[in-house]
Amino acid sequence: MEDINELIEQRIRKLEDLREMGINPYGEPYDITHHASEIHSLFGEKDAESLEKDPVEVSVAGRMIALRSFGKAAFSHLQDETGKIQVYFRKDILKEAYGIVKKLDIGDIVGVKGELFRTRTGELTVMVREFKLLTKSLRPLPEKWHGLKDVELRYRQRYVDLIVNPQVRETFAKRSAIIKFIRDFLEREGFIEVETPMMHQIPGGAAARPFKTHHNALGIDLYLRIAPELYLKRLLVGGYERVFEINKNFRNEGISTRHNPEFTMLEFYVAYRDYRFLMDFTERLFTELLKEITGSLRLKYGDLEIDFSPPWERISMFDALMNAGVPEEVLRDYEKARDWARGKGIDVSGAVTLGKLLDEIFKEKVEPSLVGPVFITDYPVELSPLAKRKKDDPDFVERFELFIASREIANAFTELNDPQDQRERFLKQVEAKEKGDEEAHWMDADFIRALEYGMPPAAGEGIGIDRLVMLLTNSPSIRDVILFPQLKPEK
RNA sequence: GGGCCGCUAGCUCAGUCGGCAGAGCACCGCCCUUUUAAGGCGGGUGUGCCGGGUUCGAACCCCGGGCGGCUCACCA
């Protein structure tokens with residue numbers, strides 16, 4: 001960064017002045033007694049007289065975000081992780097140390113110590129007895145009225161966004177609380193958390209294009225994982241009955257308000273259960289999560305108001321399509337479905353199977369109306385190469401997707417544990433891949449071998465954490481819930 | 001990747017018909033010991049995203065490129 005301007009030069013001069021005064025502008029550890037919010041919650045009720053009678057001494061540290069300076073006194077607000085507190089510097093108290101105050105700028109990080117008092121206007125304030133410059137800031141912060149709005153700067157320099165936009169700090173605090181709740185919930189339900197490889201020799205568990213990398217010492221190409229699924233199921237083979245992983249997946253696809261190349265996924269697997277169990281479980285997880293995070297089962301998202309009160313609607317993909325006005329005979333015949341979709345102007349160029357056609361029609365005709373929450377169940381087998389077939393209808397699988405605000409939030413199914421069927425499904429995928437489907441699954445011979453040892457009947461589910469956080473924080477873009485979203489290089 | 005929109009001071013933004021680059025905040029100097037977007041007086045600090053072109057003259061018009069936003073396609 002060579003963008004040194006006059007404002008920065010001025011601050012560098014102040015920094016040099018401070019050094020000459022014997023002040024270290026990149027200070028030392030500083031002991032605080034309180035955070036800003038603690039001062040307000042502990043002493044917010046005390047009036048001016050009682051503060052004078054029983055003085056409360058506090059020590060706080062934070063970034064100066066406002067400075068109103070008089071000749072021989074100055075008010076400032078310090079911002080720490082919890083909030084803001086006003087502090088008051090006076091020359092008659094600080095004596096020669098007041099010369100340092102004159103060299104302070106908005107953005108500097110300071111520690112102050114002194115007694116609480118109330119100003120004429122009643123604001124709880126620290127009367128500074130002593131203070132230390134902890135860090136000199138060389139770059140000017142965005143202005144106080146409009147703050148930082150330029151979204152490009154907000155994403156590129158998230159640190160500045162976090163300093164000046166408190167709601168951004170709240171969003172990411174909420175993200176942390178959501179993930180913690182989920183982790184605790186799963187642990188209460190008997191799950192253990194595991195970590196499986198990020199670097200796969202065979203990328204599997206999803207239909208997606210992977211990132212490729214290379215391991216020098218082994219001399220082999222590796223792929224960043226597109227899903228942990230096949231490893232988690234290997235753990236079911238190994239004897240764990242309930243496992244989960246919350247971690248990144250990587251998919252080499254377009255970037256949008258709903259897609260970041262790396263994103264956080266929860267996947268969990270339960271032995272001896274099926275997808276019906278997971279629907280109940282998901283309802284329970286979400287309703288308890290909502291109560292914890294927002295305190296209500298009604299959620300506002302954009303213009304939508306979504307009611308999470310159970311039970312949630314459950315409808316098969318087939319019925320949902322029929323309800324949307326797709327004739328039954330169309331749903332059962334590839335050529336009829338293709339012609340019907342074309343007639344409706346739906347692009348079906350890449351849909352080589354009836355299942356893919358139905359998926360296209362579904363995305364066009366059903367998905368936009370799924371405010372939800374709603375479980376769409378029983379998907380065509382060719383869309384779900386890792387899911388178990390329905391007993392009474394082998395062209396479909398025991399699978400559901402949970403839709404909220406027209407978005408797929410969760411995807412779950414009863415796991416296919418028949419190694420022979422799994423091998424055939426993989427072979428079909430390999431065939432599709434050879435025909436040019438770049439997102440088709442790869443053959444994973446070791447996974448088949450694992451199934452041959454025997455995987456208990458089980459059900460598994462994936463929940464996109466970023467999209468869930470978007471919902472719960474009313475964020476329109478995935479970039480608002482990822483601290484450092486992927487952007488093109490600055491120059 | 002396609003379409004539409006945007007990019008001017010540290011930040012937020014104006015800028016008329018192509019005619020000396022502006023405002024508020026921030027900043028600098030002076031004054032000011034209870035302020036809250038403190039106040040008063042004075043000061044404009046600029047690679048106009050980049051590169052070409054048209055023109056006597058371009059922030060403005062044209063061409064090419066960059067980055068970002070929205071959207072479509074793809075996905076989760």
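Proteins get letters first, then strands, A, B, ... in listed order; numbering begins at 1 in each. The basis for the numbers below is simple: all heavy atoms, side chains too, and nothing from hydrogens, waters or symmetry mates. Quick caveat, the model's predicted, so the values are computed rather than measured.
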With sequence neighbours left out, write down each residue that passes salt bridge (Lys or Arg N to Asp or Glu O under 4.0 Å) with [X], or none if nothing qualifies.
{"X": "E130(A)", "result": "none"}
{"X": "R425(A)", "result": "D421(A)"}
{"X": "E431(A)", "result": "none"}

Expected list for residues 12-20 of chain A: side-chain donor-acceptor pairs under 3.5 angstrom, two or more places apart:
from: K14(A); atom 1: NZ; to: D105(A); atom 2: OD1; distance (Å): 2.5
from: K14(A); atom 1: NZ; to: D105(A); atom 2: OD2; distance (Å): 3.3
from: D17(A); atom 1: OD2; to: K103(A); atom 2: NZ; distance (Å): 3.0

Keeping to residues at least two apart or across chains, list the side chain to side chain donor-acceptor pair (under 3.5 Å) pairs with something in residues 37-46 of chain A.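 Output for this query lists S37(A)-T82(A).
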Close N or O pairs between protein and nucleotides 43-46 of chain B (under 3.5 Å):
from: U45(B); atom 1: O4'; to: E6(A); atom 2: OE1; distance (Å): 3.3

Acceptor/donor pairs from residues 66-74 of chain A side chains to any protein atom, 3.5 angstrom cut, sequence neighbours excluded:
from: R68(A); atom 1: NH2; to: H77(A); atom 2: ND1; distance (Å): 3.4
from: R68(A); atom 1: NH2; to: Q86(A); atom 2: OE1; distance (Å): 2.8

Excluding sequence neighbours, so at least two apart, what forms side-chain hydrogen bond (donor to acceptor under 3.5 Å, both in side chains) with R129(A)?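 For R129(A) the side-chain hydrogen bond (donor to acceptor under 3.5 Å, both in side chains) partners, ignoring immediate neighbours, are E115(A).
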For RNA chain B, which residues in residues 159-171 of chain A have a heavy atom at a distance below 4.0 Å?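 Nothing qualifies; none.
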Detail all sub-3.5 Å separations between protein N/O atoms and N/O atoms belonging to nucleotides 69-71 of chain B.
from: G69(B); atom 1: OP1; to: R479(A); atom 2: NE; distance (Å): 3.2
from: G69(B); atom 1: OP1; to: R479(A); atom 2: NH1; distance (Å): 3.3
from: C70(B); atom 1: OP2; to: R479(A); atom 2: NH1; distance (Å): 3.0

Who passes side-chain contact (heavy atoms from CB on, under 4.5 Å) against D378(A), sequence neighbours left out?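 So D378(A) forms a side-chain contact (heavy atoms from CB on, under 4.5 Å) with Y275(A), S316(A), K390(A).
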Under the ring pair (Phe, Tyr, Trp, His ring centres under 6.0 Å) test, residues paired with F268(A) that sit two or more places apart: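 Partners of F268(A) under the ring pair (Phe, Tyr, Trp, His ring centres under 6.0 Å) test: F191(A), F281(A).
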